[in-house]
Amino acid sequence: MNHRITIAVTAVAFALGVADVGAQETGAATTSAKPMSGNLTSISDVMLQNAASDPKNWIHPNGNYANTRYYPGAQITAANVGKLTPKFVFQTAVLESMETAPIVINGVMFLTTSFNHVYAIDATTGEEFWHYKHKMGPITTFCCGPNNRGVAVSGDTLYMGTLDAKLVALDAKTGKVLWEKQIADPDKGYSETMAPAVVDGKVLIGTNGGEYGIRGFVKAYDAKTGELLWTFYTIPEKSEGDWAVNDLTGRNMHRNIDAEKAAYAKDSSFYQTLGGGVWMTPAVDLKTRTVFFVAGNPSPDLYGAIRPGDNLYTNSMVAVDLDKGTYKWHSQYIAHDVWDLDAVSPVILTQAKDASGKMVDVAIHGGKTGHVYVHERGTGKLVRFSEAMIPQENMWVLPTKEGARMLPGANGGVEWSPMAINPKLRMAYAANLHQPMTYHVEESPYPGGSKLWLGGAFKVIPSEQQWGRLVAVNIDTGKVAWGAKTPQPLIGGVLATAGDLVFNGEANGWFKAFDARNGKELWKYNCGAGVNAPAVSYMVNGKQYVAVAAGGNVQIDAKRGNSVFVFALP
Amino acid sequence: MNNAILTVVGLAIAIASADARSQADAAVKDKAQTCAACHGPNGNSTDPQYPILAGQTARYIFLELRDFKAGRRHDPQMDPMAGNLTPDDMLALGDYFSKQTKAPNGFNADGGKVALGAKKSDEVLCTMCHGGGFLGQNEIPRVAGQHYTYIKKQLADFKARRRTNDAGNMTSVAGTLSDADIENLAQYLANL
């Protein structure tokens with residue numbers, strides 16, 4: 001639309017009092033309109049591919065295509081992190097949970113908030129360049145807060161998924177919409193909270209909706225035009241699988257396979273509503289042109305009788321072809337899950353020793369079960385799983401109407417929180433929850449997509465303490481190297497740096513740095529609201545910065561805030 | 001087309017759509033008048049057996065009206081009311097009531113029961129679905145500041161399976177609540 005006409009329409013709309021002001025905002029939404037920095041550069045494919053060795057920028061939500069969240073700069077170290085101080089605090093206009101991983105390009109930061117606002121700010125001062133607010137459609141359906149986990153970038157364009165299930169392309173310089181595509185129908189339970197990935201001119205994005213009876217997918221869109229290039233459904237038409245008796249670690253899941261087989265023979269059409277959301281950023285291996293992600297829980301979460309079979313490819317790591325979106329392999333952690341102990345935390349691509357001690361390419365995942373799983377990258381075969389990072393008890397007792405106690409509770413283990421890797425130290429760092437719960441089942445037919453469909457409930461056990469644990473796992477052995485217990489469950493994600501530091505936030509407002517080698521707490525700062533987002537790091541004019549959002553969290557009801565805190569050495 | 005013409009066209013479109021909107025607003029206000037007999041002016045009911053609709057989520061109101069009409073939820077007074085509504089009426093009413101300002105419900109809570117209700121709410125993980133401050137989201141209703149009498153009846157109805165239009169979630173949640181739990185939760189929520 002022409003600028004002048006836009007201004008005219010907007011002015012009239014305001015005059016008539018019909019401006020689209022979200023209830024979530026208070027006061028003016030914008031602090032300033034400083035001209036965009038001339039340092040903002042276009043992001044080439046080569047820059048995206050080499051991001052893992054670029055200490056200046058943070059141009060992938062998880063640092064690089066391998067999702068390692070390992071920052072290669074080492075100005076801030078164990079020796080000096082104690083002097084880290086806040087440089088600025090950027091306050092958004094939205095006081096609601098923040099899960100954003102900011103993108104930083106040559107000193108310009110792009111961050112998102114709940115309800116799909118995007119801000120471009122100066123990454124050294126917090127001055128605002130522009131503010132974009134998505135005009136939300138009339139229908140949104142999402143279960144666990146109006147979250148957003150960030151944008152992806154390629155060329156001069158930012159990409160964001162929205163709560164009304166759209167993919168929006170924005171001009172990075174101005175925040176103007178370049179194009180929008182409807183990904184799926186929000187009336188059927190589809191929504192977007194993940195940060196997409198952009199690779200070789202394709203925008204990769206999955207979907208939320210495992211609590212609403214969706215059919216999960218990953219889609220690839222042309223980054224220039226928004227044209228749909230391919231769709232991979234995480235639920236195949238034949239979803240019964242091999243009728244696995246045990247989970248991937250060999251524990252019996254107490255399934256009634258005969259009854260399930262009989263039910264499946266009668267009706268297998270439920271694949272259309274079987275769930276399998278993909279709501280964290282996929283990893284990409286350009287060498288083999290493969291996309292890796294995990295698919296979430298089957299729908300409904302706790303009532304399994306209505307969906308007999310292994311429920312492929314729910315609760316699985318999945319590999320698909322980058323160019324065609326075709327299936328390569330999958331590895332299922334829990335077949336026919338009735339505990340919502342699904343796979344969410346993004347896949348990390350790295351190397352680890354195989355059983356013979358040889359270093360091989362692997363894909364790893366931190367599970368809600370409390371294990372870190374290490375897979376051969378080419379085949380998906382499980383190389384090892386780690387020691388349990390949090391208590392496991394009574395696995396796999398079946399849910400009952402009255403409630404059956406089992407550990408871990410339904411949030412994990414490792415929830416959506418991205419893990420980080422320190423390849424030098426051979427460690428993966430995982431943010432864990434310990435929330436003792438009872439699992440309750442309730443028979444409930446598909447309600448038509450517009451209503452939450454859990455097939456039961458989870459309840460915490462008031463007499464049992466909840467806590468969190470940041471855990472370092474040696475990926476070559478699966479042994480827990482160290483663990484740092486926290487007073488509240490952890491949700492948000494981890495940053496590791498070449499300065500041998502690990503940064504992690506807590507629901508009580510503390511943002512902390514640990515010695516990556518031994519877990520010793522070296523520094524902390526209280527942000528005043530739940531730090532339930534993954535930190536990022538970058539460098540501007542020779543100074544390393546660490547940024548993290550403090551906006552709280554819906555799932556564990558952590559205190560809400562609206563700020564991004566940015567730290568550096570004096 | 002030059003910029004001046006574009007500006008005029010833009011103004012015309014904006015004014016025309018504003019006209020259409022004000023007509024629609026008037027129509028929905030008429031329909032809402034019928035609701036006012038029980039639900040009060042602007043959806044702020046004073047009789048605690050009828051829920052406050054002011055500030056409720058639009059999506060929840062729409063889906064409940066749809067369920068009353070389709071027979072998935074029953075109430076002797078609401079069944080015939082919803083039976084006369086079109087889907088557009090339901091959307092418009094949902095939108096209208098969601099935009100009204102909720103008034104205080106005038107409830108005098110028992111402090112001890114409120115504290116017990118808050119504890120039970122944490123245990124049952126209410127806010128994972130009902131959102132921070134119980135303000136609701138999408139199809140999950142706002143229950144903060146709702147009438148005590150209405151909340152108590154709904155929890156009891158879910159438990160006894162008299163109300164079953166929520167895909168079983170609340171039946172499962174309410175299934176293990178005692179009468180005292182329901183009393184305490186209703187006190188806590190009405191007091192928010």
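Below, chain A is the first sequence line, B the second, and so on; all start at residue 1.
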Chemist: Just checking, any donor-acceptor pair under 3.5 angstrom between side chains of B/Q49 and B/D47?
Modeler: yes
Chemist: Strictly by modelled atom types, are A/E99 and A/N553 linked by a side-chain donor-acceptor pair under 3.5 Å?
Modeler: yes
Chemist: Which one of A/S450, A/S444, A/G455, A/G456 has the most heavy-atom pairs closer than 4.5 Å to chain B?
Modeler: A/S450
Chemist: Among A/T140, A/D557, A/V441, A/V554, who wins on heavy-atom pairs under 4.5 Å with chain B?
Modeler: A/T140
Chemist: Is atom CE of B/M78 surrounded by more than 12 heavy atoms (other residues, nucleotides or ligands) closer than 6.0 Å?
Modeler: yes
Chemist: Heavy-atom distances under 4.5 Å only: say whether B/E123 touches chain A with side chain, backbone, both or neither.
Modeler: both
Chemist: Which bit of A/Y446 is near chain B, if near means a heavy-atom gap under 4.5 Å: side chain, backbone, both or neither?
Modeler: neither
Chemist: Which one wins on heavy-atom pair count under 4.5 Å against chain B: A/L454, A/L163, A/T438?
Modeler: A/L454
Chemist: Quick check on A/N411 against chain B: is it the side chain, the backbone, both or neither that has a heavy atom closer than 4.5 Å?
Modeler: side chain
Chemist: Hey, are A/K451 and B/E139 close enough for a salt bridge, meaning a charged N less than 4.0 Å from a carboxylate O?
Modeler: no
Chemist: Among B/T127, B/L91, B/N138, B/D95, who wins on heavy-atom pairs under 4.5 Å with chain A?
Modeler: B/N138
Chemist: Name the region of A/I139, side chain, backbone, both or neither, that has any atom closer than 4.5 Å to a heavy atom of chain B.
Modeler: side chain
Chemist: Between A/R149 and A/T193, does any side-chain donor sit less than 3.5 Å from a side-chain acceptor?
Modeler: yes
Chemist: Starting from the C-alpha separation in whole Å, work towards a yes-or-no answer on side-chain hydrogen bond (donor to acceptor under 3.5 Å, both in side chains) for B/K159 and B/T171.
Modeler: CA-CA 5 Å; B/K159 183 174 176 176; B/T171 297; over 6 Å; no
Chemist: Select, from B/N169, B/T164, B/I140, B/L63, the one with the greatest count of heavy-atom pairs under 4.5 Å involving chain A.
Modeler: B/N169
Chemist: Measuring heavy-atom distances to chain A, does B/D122 have an atom under 4.5 Å in its side chain, in its backbone, in both, or in neither?
Modeler: backbone
Chemist: Does A/W339 reach the main-chain N or O of A/L398 with its side chain, forming a donor-acceptor pair under 3.5 Å?
Modeler: no
Chemist: Please say whether more than 12 non-hydrogen atoms of neighbouring residues, nucleotides or ligands are located less than 6.0 Å from NZ in B/K29.
Modeler: no
Chemist: Who among A/E402, A/R560, A/E442 has the most heavy-atom pairs with chain B under 4.5 Å?
Modeler: A/E442
Chemist: Please classify the contact between B/L135 and chain A as side chain, backbone, both or neither, with a heavy-atom cut-off of under 4.5 Å.
Modeler: neither
